[in-house]
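To start, the structure itself, in structure tokens.
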Amino acid sequence: MSSDRRKPYPHDEFEPRWQAIWDAEKTFRTAGPGDADFDGSRPKFYVLDMFPYPSGAGLHVGHPEGYTATDILGRTKRMQGHNVLHPMGWDAFGLPAEQYAIKTGQHPRVTTEANIENFRRQLKALGFAYDWDREVNTTDPGYVRWTQWIFLQLYHSYFDEETNKARPVSELEAKGWSREQINAVRLAFVQEAPVNWSPDLGTVLANEEIEEWKAKGHTVERRPLRQWMLRITKYAQRLMDELDPLEWPEGIKLLQKNWIGRSEGAEVDFDVQGHKVTVFTTRPDTLFGATYMVLAPEHSLVAEITSADQKASVEAYVHACASKSDMERGDMNKDKSGVFTGAYAVNPVNGENIPVWIADYVMMGYGTGAIMAVPAHDERDFEFAKKFALPVVQVVQPTGDADWQGYTDPGTAVNSGFLDGLPTAEAKAKIISWLEAKGLGKRRIQFKLRDWLFSRQRYWGEPFPIVWEAGQHRAIPDSELPLLQPELEDFKPTGDPRGPLIKATDWIRYTDTAQRETNTMPQWAGSCWYYLRYCDPKNSERFISKEAEAYWLGGSGKLGAVDLYIGGTEHAVLHLLYARFWHKVLFDLGHLSTPEPFQRLVNQGMILAEDGRKMSKGFGNVVNPDDVVEEYGADSLRLYEMYMGPLADSKPWNPKDVPGVHRFLQRSWRLAVPEFAEHGTLHAHLRSDRPDDPAMEKALHRTIHKVDGDIDRMAFNTAISAMMIFVNDATKGMDRLSRGQLLRFAQLLQPFAPHIAEELWERLGGQGLLTHAKWPRV
RNA sequence: GCCGGCAUGGUGAAAUGGUAAACACAGCGGACUUAAAAUCCGCUGCUCAGCAAUGGGCUUGUGGGUUCGAGUCCCACUGCCGGCACCA
């Protein structure tokens with residue numbers, strides 16, 4: 001090697017070295033309540049990443065984006081004297097491992113372990129300050145045990161309408177409720193529910209999965225099966241109300257609110273040939289304009305009320321609808337269809353006979369599965385009435401000169417008897433009072449949110465801690481937890497809708513007369529509470545100790561437990577809603593001290609490929625983080641992802657920009673180490689202390705101030721550019737830079753590029769590990 | 001269709017209502033080098049006049065408004081991205 005050759009910035013040497021030191025010394029271990037070295041007088045900061053599903057493809061460049069952001073905040077808070085909880089784990093149940101098992105016979109546990117191994121290696125190679133002693137894995141028996149235990153908390157609870165809280169069902173037993181009565185109110189309950197069943201895959205599918213599997217040539221049908229459900233709908237109002245005070249992006253709150261979908265309106269009872277049919281409407285003020293009624297094809301009264309001459313066509317229509325999924329119904333959006341039942345309903349407000357139809361634009365799962373149709377003031381009813389030549393009667397006078405036909409906004413009631421002349425809001429109030437007085441209806445709040453279908457017919461998931469005997473379900477005792485899956489050698493679907501576990505005949509047999517439930521829980525189960533387990537991951541007595549809960553999750557006087565949660569928007573609704581629901585149940589039952597899991601939520605934007613499209617194997621545009629680390633080092637990858645733009649924006653990957661931040665690190669390096677120096681040599685002027693140059697001092701202060709403020713508002717890109725400006729300035733007046741100034745710069749750089757910062761700190765003779773140093777002050 | 005979000009140089013972007021384009025990429029010119037790479041220095045929104053130094057005009061998707069002053073606030077429109085989608 002020629003001695004006049006410029007020494008490269010040796011990230012490939014010192015990055016793995018520091019990672020090994022941090023690992024061996026457990027530098028990022030976080031002491032909690034109960035640990036000898038725990039200092040409870042310090043403020044806590046719990047910063048959480050959305051834990052990954054360890055797929056076979058390994059880490060995606062999208063993962064380190066959020067993970068670097070939380071790492072910067074965690075490292076900064078640590079330097080500022082906080083006890084920082086910054087953990088990582090694995091959402092390790094999931095379909096790909098099971099599919100692989102079906103193909104190869106390889107046990108999903110083996111595949112999963114190997115993938116986790118690889119993910120852990122990749123994350124450690126990026127130098128994240130995780131406390132690896134707190135790693136959790138949702139498939140671990142020690143974790144599954146508590147997932148099942150929480151399920152049993154739900155199973156043993158009901159929602160008390162008086163207090164708006166979950167309570168143990170034992171209170172109902174004490175009041176002498178029967179088993180049937182109790183089963184009807186449990187938060188975890190059994191129901192015959194129509195599901196998307198794929199006979200050739202031998203499993204049910206989520207709505208979102210249907211299209212994907214159909215494209216691969218599999219068939220999917222609607223079929224009612226016995227399923228476990230969670231009564232999340234009881235929490236609809238609280239899930240809605242308690243969203244407001246949280247520090248979440250307004251867009252995400254709105255998404256959840258729309259998903260929960262609260263509507264105010266009324267129930268109205270109609271008489272249909274001696275049967276009472278209740279409809280839900282948000283516009284009871286238009287009752288005088290109801291010219292026909294529509295039932296969902298699945299409505300229980302359809303068969304009874306259908307007249308003899310309409311029987312054949314009604315049955316044909318019902319049959320046609322039954323085989324269609326919700327999605328296919330949606331496809332028929334443009335064209336309304338329906339059949340007259342031959343029956344008539346009496347409009348309670350004017351005694352008129354109106355025809356009763358069935359149509360698939362009315363859904364069984366919302367409201368009562370029946371509507372009063374007011375074609376003059378509802379778009380869908382209007383379309384339907386036009387197609388089938390049903391009468392249209394105006395009952396609202398529009399404000400302004402809009403056409404009344406199909407006018408759906410508020411106006412003034414007309415042709416409506418005692419409501420005439422009232423504005424819509426007052427007409428609503430008056431008709432509801434009238435209905436309530438006559439016993440013909442009542443005020444009602446309706447939510448779109450449905451109960452949560454919680455069972456899956458799969459192998460690689462938590463089995464339900466439930467046994468069946470004489471047609472009755474009951475919980476197994478806590479002492480039998482965890483209940484693990486039986487060992488199988490053949491994972492192929494059986495075609496039996498009870499799922500693959502029915503093959504394990506020994507496992508199923510609980511006693512001579514009792515059998516185990518063979519369904520398993522969905523992947524959501526483990527991710528619903530992992531943030532709780534991190535606080536006390538090894539506890540075998542409780543899912544979390546009272547002390548750990550109080551310190552890490554409570555005590556701040558805030559609504560939410562975790563201080564900051566960063567992750568992608570893809571979990572805006574389901575994961576974040578499910579976790580909130582479980583958290584509230586555990587809160588109600590006295591196990592947690594905050595009503596919400598996540599105080600502050602920040603969504604990172606998506607990292608797109610260079611071509612502006614999503615990264616995908618199919619497009620061949622995926623960037624592998626390992627390659628970037630190999631060429632430029634972990635610090636460069638971290639810095640680049642933070643420098644690309646604002647955290648929340650989606651932005652395309654530009655490989656030409658990576659050398660840009662890499663050059664900045666090189667320049668920082670050369671502030672300390674001469675270009676042609678042998679390993680370990682510093683610039684002469686840095687080998688001893690000397691007075692700080694005032695101009696340099698001023699520039700450094702400005703930088704510290706800017707970086708400090710930018711970290712606070714998570715503007716990492718501008719924090720980095722401030723450091724670039726400092727290094728550019730310092731390079732020009734390099735011999736004026738003092739050792740002390742460079743040490744402070746290393747402190748500032750540490751959260752962003754911890755390896756090079758730690759290395760500079762050591763070479764410049766900083767005290768102890770930089771990770772444990774204090775944050776520089778202006 | 002409904003509900004969100006976004007729109008600034010060739011590119012990623014920056015800018016408490018106060019000199020638009022910091023920082024970086026790409027590009028151009030130069031230094032070093034036998035040469036290349038690397039590194040360092042300089043220029044770099046558009047446009048007009050000038051050999052030049054320099055000087056003038058324009059510019060934050062489009063059109064309006066509020067303001068002494070608008071990329072930023074308000075209204076309407078266009079385009080792109082995301083979510084929901086017959087929820088009565």
Side-chain angles (χ1 to χ4, degrees), chain A residues 4-9 249-263 265-268 279-284 286 290 293-294 296 326-327 329-338 359-375 377-384 408 446-450 568-570 572-573 603 605-608 610 612-614 639-640 643-646 648-664 666-667 670 675-676 706 709-710 713 715 717-728 731-732:
Chain A
D4 62 346
R5 195 168 173 87
R6 200 178 293 271
K7 279 232 179 271
Y9 140 60
E250 288 306 316
I252 301 294
K253 289 189 190 178
L254 208 62
L255 232 51
Q256 286 217 354
K257 283 186 183 174
N258 291 342
W259 187 266
I260 298 166
R262 184 181 195 273
S263 297
E267 282 181 355
V268 185
V279 304
F280 171 72
T281 176
T282 55
R283 291 299 298 275
T286 62
M293 175 187 267
V294 187
D326 286 350
M327 206 129 59
R329 280 202 195 185
D331 289 345
M332 309 195 309
N333 213 335
K334 291 129 221 147
D335 207 12
K336 293 272 181 295
S337 68
D360 66 1
Y361 82 92
V362 174
M363 272 150 307
M364 200 53 224
Y366 182 77
T368 60
I371 62 156
M372 63 178 215
V374 184
H377 307 295
D378 180 281
E379 267 181 59
R380 299 146 301 179
D381 297 345
F382 187 52
E383 212 182 303
F384 192 82
T408 57
Q446 176 66 41
F447 294 94
K448 272 199 251 185
L449 185 67
R450 314 285 167 94
T569 26
E570 67 273 22
V573 179
N603 287 123
M606 205 185 318
I607 294 185
L608 304 169
E610 201 182 346
R613 296 187 293 184
K614 256 176 103 152
L639 215 53
Y640 171 62
Y643 189 66
M644 291 172 86
D649 291 6
S650 60
K651 49 238 156 191
W653 184 272
N654 182 357
K656 289 194 171 142
D657 282 334
V658 183
V661 291
H662 184 70
R663 270 196 285 273
F664 157 68
Q666 275 185 18
R667 272 198 288 270
R670 285 199 302 264
E675 289 172 39
F676 305 111
K706 174 78 175 149
D710 281 353
R713 53 187 194 103
N717 54 334
T718 51
I720 294 166
S721 78
M723 289 189 282
M724 285 176 169
I725 292 168
F726 175 76
V727 169
N728 289 345
T731 302
K732 282 169 198 160

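Below, chains carry the letters A, B, ... as their sequence lines are ordered, and counting in each starts from 1. Quick caveat, the model's predicted, so the values are computed rather than measured.
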So do the side chains of A/M724 and A/Y643 get within less than 4.5 Å of each other, counting heavy atoms only? yes

For B/C25 and B/C80, measure between their C1' atoms and round to the nearest Å. 24 Å

Can you list everything that forms a side chain to side chain contact (heavy atoms under 4.5 Å, CB included) with A/A715? Sequence neighbours excluded, please. A/D710, A/R713, A/N717, A/T718

Whole-angstrom distance between B/G9 and B/U33, as gauged at atom P: 42 Å

Quote, to the nearest angstrom, the P distance that separates B/G45 from B/U11. 14 Å

Heavy-atom contacts, protein to nucleotides 7-15 of chain B, under 4.0 Å, summarised as B (base), S (sugar-phosphate only) or - (none) per nt, yield -----BSSS

Rounding to an integer number of Å, can you tell me how far A/D381 CG sits from B/C86 P? 14 Å

What is the distance, rounded to the nearest whole Å, between atom CG of A/L254 and atom P of B/C2? 16 Å

RNA chain B: A/F447 or A/W259, which has the more 5' nearest nucleotide? A/W259

Could you check if the base of B/G9 is syn or anti? Syn means the glycosidic torsion is within 90 degrees of 0. syn

Going by the rule ring pair (Phe, Tyr, Trp, His ring centres under 6.0 Å), which residues pair with A/Y640 if we only count those two or more places apart in sequence or in a different chain? A/W653

Partner residues of A/F382 under the ring pair (Phe, Tyr, Trp, His ring centres under 6.0 Å) criterion, sequence neighbours left out: none

Could you give the distance separating B/A20 and B/A70 at their P atoms, to the nearest angstrom? 11 Å

Between B/A22 (P) and A/D710 (CG): distance, integer Å: 17 Å

Taking the side chain as every heavy atom from C-beta outward, state whether A/Y366 and A/K448 have any atom pair closer than 4.5 Å. yes

Lys NZ or Arg CZ of A/K336 over A/F384 ring: under 6.0 Å, within 45°: no

Using the C1' atom on both, measure B/C23 against B/U8 and round to a whole Å. 15 Å

Under 4.0 Å, counting only non-hydrogen atoms across every strand here, what does A/G660 touch: a base, just sugar-phosphate, or nothing? sugar-phosphate

I'd like the P distance from B/C68 over to B/G82, given in whole Å. 42 Å

Going by side chain to side chain donor-acceptor pair (under 3.5 Å), name the residues that satisfy it together with A/D649, two or more places apart in sequence or in a different chain. none

Non-neighbouring partners of A/R663 that pass side chain to side chain donor-acceptor pair (under 3.5 Å), sequence neighbours left out: none

If you look at every strand shown and take non-hydrogen atoms under 4.0 Å, does A/S263 touch a base, only sugar-phosphate, or nothing? sugar-phosphate

Sequence-distant partners of A/F726, ring pair (Phe, Tyr, Trp, His ring centres under 6.0 Å), two or more places apart: A/F745

With rounding to the closest Å, how many angstrom separate the C1' atoms on B/C84 and B/C77? 24 Å

Please name all residues satisfying side chain to side chain donor-acceptor pair (under 3.5 Å) with A/N258, sequence neighbours left out, ordered by chain then number. none

Want to know the stems of RNA chain B: at least 3 consecutive Watson-Crick or G-U pairs with distances under 3.5 Å, which are they? B:1-7 with B:78-84, B:10-12 with B:23-25, B:27-31 with B:39-43, B:45-49 with B:54-58, B:61-65 with B:73-77

B/U16 and B/G27, which share atom name C1', separated by this distance in whole Å: 35 Å

Which of B/C25, B/C23, B/C86 is nearest the side chain of A/D360? It is B/C86

